[in-house]
Protein chains: 2
Amino acid sequence: MAETPVPPDVMPSLDDFLCFAIYATSHAFTRVYKPLLDPLGLTYPQYLVMVALWERDDQTVGSIGDKLSLESSTLTPLLKRLETANYLRRSRDPDDERQVRVQLSDAGRALRERANAIPNCILAASGMSLGQLQRLQSETMALCRALQASRTG
Amino acid sequence: MAETPVPPDVMPSLDDFLCFAIYATSHAFTRVYKPLLDPLGLTYPQYLVMVALWERDDQTVGSIGDKLSLESSTLTPLLKRLETANYLRRSRDPDDERQVRVQLSDAGRALRERANAIPNCILAASGMSLGQLQRLQSETMALCRALQASRTG
DNA sequence: GCAATTTATATCGCACGCAATCAAATCGCA
DNA sequence: TGCGATTTGATTGCGTGCGATATAAATTGC
């Protein structure tokens, strides 16, 4: 007889849901980032895109979407706002006109300096040690990969 | 001389950000839940509200917002959609007309039976043991509380 | 060499999510 | 009792986030 860790006839309390802990913490991060990002004129998802571009410039919309798990329907308007803010340029790849290459502008590269202090602010706000955070990070990413795999499989 | 665990002049890779792991996993959960919730006519945030009401019926908009960390600007239209779907009723409290009391309908209570199988589906999709999930859940909630505390303090 | 298919991005409609603001009801204190 | 301060939800505007669909370019297949 198989074990049923969560009895099928009982709905747990909201506080027992890992998904809810992740959901609430994601929003909590957004709220902690907001006062740090407002002076830079960035939203939190826009900041993630900038981090991805600081890590590697000249990416396509698709490769950014793969990295952030976002669809073009989300990224296209977001990238247009970053282009309007003059942080990047979008241009069709001459070798494959289907692709749009996203490249940092001078202002976008310069923004990196002003964003350098943010990670330590977040570290302080988390109230955890770097080691704890790294362990939590790797376990969360493992969960994320498992969830993604469960959809394809 | 104080340690600087994250050197202030270096922007880490996106993959090193715990906030990004949380952000991506939150969306991954939403995508895993979607095919399970579609037959019930619920979105994922709507499901969380229903779980909160199954746990305790007859709450105010504010108390649901406290539990889920959501503003009335998010909850009011969401609750209206659940009311249109006939899963709950909204009514002003006669003793304090400022408050809106949210109460499950018969259909809303009945929906609980159809949702009972979902937690085990999610458990299976996570690919982790119940013990691992519980530990990750409590660590994530501790982080969430620390982030919330950092904003008030 | 050209039609069919695939790939990459954009567009549209809908549902969150929040800051700012507003209106109504209640509270609290003189 | 009266009236300003507070509390509670609702509204508005903007920015994600996604599914469905559209469009154009590149590739495949015959």
Side-chain angles (χ1 to χ4, degrees), chain A residues 19-20 23-35 37-38 40-50 59-85 87 90-102 148 151, chain B residues 20 23-35 37-38 40-50 59-85 90-102 148 151:
Chain A
C19 63
F20 172 63
Y23 169 89
T25 306
S26 180
H27 294 154
F29 265 123
T30 300
R31 290 188 280 264
V32 170
Y33 268 103
K34 180 162 177 38
L37 293 176
D38 275 348
L40 309 185
L42 292 176
T43 66
Y44 175 63
Q46 288 169 9
Y47 170 71
L48 293 181
V49 168
M50 293 303 291
Q59 296 190 60
T60 66
V61 174
S63 70
I64 297 171
D66 287 343
K67 201 163 283 185
L68 271 62
S69 294
L70 294 176
E71 302 298 317
S72 75
S73 45
T74 300
L75 279 177
T76 295
L78 188 157
L79 291 169
K80 283 183 176 177
R81 280 179 212 108
L82 287 175
E83 188 176 35
T84 299
Y87 286 143
R90 301 179 315 126
S91 55
R92 291 279 166 185
D93 186 330
D95 293 340
D96 185 344
E97 290 276 347
R98 292 172 303 180
Q99 297 183 103
V100 168
R101 305 210 70 88
V102 179
Q148 287 167 347
R151 269 160 45 80
Chain B
F20 172 63
Y23 169 89
T25 306
S26 180
H27 294 154
F29 265 122
T30 301
R31 290 188 278 265
V32 170
Y33 267 104
K34 181 162 176 40
L37 293 176
D38 275 347
L40 309 185
L42 293 176
T43 66
Y44 176 64
Q46 288 170 9
Y47 170 72
L48 293 180
V49 168
M50 294 302 292
Q59 296 190 60
T60 65
V61 174
S63 70
I64 297 172
D66 287 344
K67 201 162 283 186
L68 272 61
S69 294
L70 293 176
E71 303 299 317
S72 74
S73 45
T74 300
L75 279 176
T76 296
L78 187 155
L79 290 168
K80 284 183 176 175
R81 282 187 279 274
L82 286 174
E83 187 176 36
T84 299
R90 300 180 317 127
S91 56
R92 292 277 167 187
D93 187 327
D95 294 337
D96 185 346
E97 289 276 345
R98 292 172 303 179
Q99 297 183 99
V100 167
R101 306 211 66 88
V102 179
Q148 287 167 348
R151 272 161 42 82

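Just so we're clear, the structure is a prediction, and the values are computed from it rather than from any experiment. By convention in this document, chain letters (A, B, ...) are assigned in the order of the sequence lines, proteins followed by strands, and residues within each chain are numbered from 1.
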Respond yes when some side-chain nitrogen or oxygen of [X] is under 4.0 Å from OP1 or OP2 of [N], and no when none is.
X: A:Tyr44; N: C:dG17; result: no
X: A:Arg92; N: C:dT9; result: no
X: B:Arg81; N: C:dC14; result: no
X: A:Gln46; N: D:dT16; result: yes
X: A:Arg31; N: C:dA19; result: no

**Request:** Take the angle between the ring planes of B:Tyr47 and B:Tyr33 and call it parallel below 30°, perpendicular above 60°, tilted in between.
**Result:**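 The arrangement is tilted - the two ring planes meet at 30° to 60°.
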
**Within residues 72-80 of chain A: residues closer than 4.0 Å to DNA chain C (heavy atoms)** =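 Heavy-atom contacts with DNA chain C come from A:Ser72, A:Ser73, A:Thr76, A:Lys80.
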
**Prompt:** Is any side-chain heavy atom of A:Gln46 closer than 4.5 Å to a side-chain heavy atom of A:Met50?
**Reply:**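 Side-chain contact under 4.5 Å: no.
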
**Message:** Are B:Leu42 and B:Leu82 packed together at the side-chain level, in the sense that at least one heavy-atom pair is separated by less than 4.5 angstrom?
**Reply:**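 In contact.
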
**Message:** As a quick check of understanding, evaluate side chain to side chain contact (heavy atoms under 4.5 Å, CB included) for B:Val49 and B:Leu75, giving each step before the final call.
**Reply:** CA-CA 9 Å; B:Val49 168; B:Leu75 279 176; 4.0 Å; yes

Distance, rounded to the nearest Å, where [X] contributes [atom1] and [N] contributes [atom2]:
X: B:Asp96; N: D:dT8; atom1: CG; atom2: P; value: 8 Å
X: A:Asp93; N: C:dT7; atom1: CG; atom2: C1'; value: 14 Å
X: A:Ile64; N: C:dA8; atom1: CD1; atom2: P; value: 14 Å
X: A:Tyr47; N: D:dT16; atom1: OH; atom2: C1'; value: 18 Å
X: B:Leu37; N: D:dG19; atom1: CG; atom2: P; value: 13 Å
X: B:His27; N: C:dA15; atom1: NE2; atom2: P; value: 18 Å
X: A:Lys34; N: D:dT16; atom1: NZ; atom2: P; value: 11 Å
X: B:Gln99; N: C:dC27; atom1: CD; atom2: C1'; value: 13 Å

**Asked** Relative to the 5' end of DNA chain D, which residue comes earlier, B:Arg101 or A:Glu71, by the nucleotide with the nearest heavy atom?
**Response**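 Its nearest nucleotide lies further toward 5', so the answer is B:Arg101.
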
**Request:** First locate atom CG of B:Leu48, then atom CG of B:Leu70, and finally report the distance between them rounded to the nearest 0.5 Å.
**Result:**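 If I round to the nearest 0.5 Å, the distance is 8.5 Å.
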
**Asked** Does any donor-acceptor pair link the side chain of A:Arg98 with the base of C:dT9 at a separation under 3.5 Å?
**Response**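 No, the side chain and the base share no sub-3.5 Å donor-acceptor pair.
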
**Asked** Yes or no on side chain to side chain contact (heavy atoms under 4.5 Å, CB included) for A:Lys80 and A:Thr76, after CA distance, side-chain angles and deciding distance?
**Response** CA-CA 6 Å; A:Lys80 283 183 176 177; A:Thr76 295; 4.0 Å; yes

**Item:** Test item: B:Arg101 side-chain N/O and B:Asp93 main-chain N/O as donor-acceptor pair under 3.5 Å
**Value:**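 No, because the side chain of B:Arg101 does not come within donor-acceptor range (under 3.5 Å) of the backbone of B:Asp93.
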
**Request:** With heavy atoms under 4.0 Å as the rule, sort A:Thr30 into base, sugar-phosphate or nothing.
**Result:**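 Here A:Thr30 touches no strand at all.
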
**Request:** Tell me which nucleotide among C:dA15, D:dT8, D:dA25 gets nearest to the side chain of A:Glu97.
**Result:**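 Looking only at side-chain atoms, A:Glu97 lies closest to D:dA25.
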
**Message:** Quick check for you: among D:dG9, C:dA8, C:dA15, whose closest atom lies nearest to any side-chain atom of B:Val100?
**Reply:**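 Of the options given, the side chain of B:Val100 lies nearest D:dG9.
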
**Prompt:** What closest approach, in Å, do B:Gln148 and B:Ser69 show between heavy atoms, and which atom pair accounts for it?
**Reply:**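 Between these two residues, the closest heavy atoms are NE2-OG, 3.4 Å.
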
